K.L.:
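There's a structure below that I have some questions on.
Bear in mind the structure is a predicted one, so any value in this text is a computation, not a measurement.
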Amino acid sequence: MIRPHTNIDRRALITGQLPQVERVVAPPGGEIASILVQVRPERLASAEHAITALAGCEIYQRDIRGKLVVVVDAPDAGSLGTTLNAISTLPDVYSASLVFHALGVAGA
């Protein structure tokens, strides 16, 4: 929806007499991210199982040398951060790095 541009008077801004404005609402759909995870190669299968057991996590790509690309779909940034921390503290995980983050779009 395109809204008309509202000119704001500088004096009104400084004195706090702004016109009523609509509050900003975050788009529906939550947060999506990809995380690069490095695990012990001999424990790759168990790490994959533990990661996919977390809500919203999916293994997008794997490498036999212990690298995983994990896609996470979370309802908000806080949940996304919690998931990233949970992955990084799993046994046999050397590191978990956020490589991409975006707002999801409902119905996309």
K.L.:
Is any side-chain heavy atom of S79 closer than 4.5 Å to one of D76?
P.N.:
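Result yes, sub-4.5 Å side-chain heavy-atom pair found.
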K.L.:
Roughly how far apart are I51 CD1 and R62 CZ, rounded to 0.5 Å?
P.N.:
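Taking CD1 in I51 and CZ in R62, the distance rounds to 11.0 Å.
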K.L.:
Between V69 and L36, does a side-chain contact (heavy atoms from CB on, under 4.5 Å) hold up when you go through it step by step?
P.N.:
CA-CA 5 Å; V69 176; L36 179 61; 4.3 Å; yes
K.L.:
Of the non-hydrogen atoms in A47 and V39, which two are nearest, and what is the gap between them?
P.N.:
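That closest heavy-atom pairing would be CB-CG1, 3.8 Å.
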K.L.:
My understanding is that only residues two or more places apart in sequence, or in another chain, count here; which of them pass salt bridge (Lys or Arg N to Asp or Glu O under 4.0 Å) with R43?
P.N.:
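With sequence neighbours excluded, R43 shows a salt bridge (Lys or Arg N to Asp or Glu O under 4.0 Å) to D92, given in chain and number order.
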K.L.:
Considering all heavy atoms of both residues, which atom of I35 and which atom of V99 are nearest to each other, and what is their separation?
P.N.:
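Looking at all heavy atoms of both residues, the closest pair is N-CG2, 4.3 Å.
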K.L.:
Specify the closest pair of heavy atoms between A77 and E31, including all atoms of both residues, with the distance to one decimal.
P.N.:
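Closest approach of A77 to E31: N-CG, 3.4 Å.
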K.L.:
Consider only side-chain N and O atoms of T82 and N85, and report whether a donor and an acceptor are under 3.5 Å apart.
P.N.:
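Side-chain D/A pair, T82 to N85: absent.
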K.L.:
So among T89, L98, V37, which one has a side-chain contact (heavy atoms from CB on, under 4.5 Å) with L84?
P.N.:
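Going through T89, L98, V37 one by one, the side-chain contact (heavy atoms from CB on, under 4.5 Å) with L84 is satisfied by L98 alone.
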K.L.:
Would you please name every residue forming a side-chain contact (heavy atoms from CB on, under 4.5 Å) with Q38, sequence neighbours left out?
P.N.:
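side-chain contact (heavy atoms from CB on, under 4.5 Å) list for Q38, sorted by chain: K67, Y94, S95.
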K.L.:
Would you give the length of the straight line joining atom CG of L68 to atom OG of S34, rounded to the nearest 0.5 angstrom?
P.N.:
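L68 CG to S34 OG: 12.5 Å, rounded to 0.5 Å.
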K.L.:
For a side-chain contact (heavy atoms from CB on, under 4.5 Å) with C57, tell me which candidate from V71, V70, T52 qualifies.
P.N.:
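Of all the options given, the one that passes is V70.
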K.L.:
If you compare all heavy atoms of L54 against all heavy atoms of A86, which two are closest, and at what distance to 0.1 Å?
P.N.:
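Nearest pair, atom of L54 first, then A86: CD1-CB, 4.3 Å.
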K.L.:
I need the minimum non-hydrogen distance between I32 and D73, along with the two atoms involved.
P.N.:
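In terms of heavy atoms, the two residues are closest at CG2-OD1, 3.9 Å.
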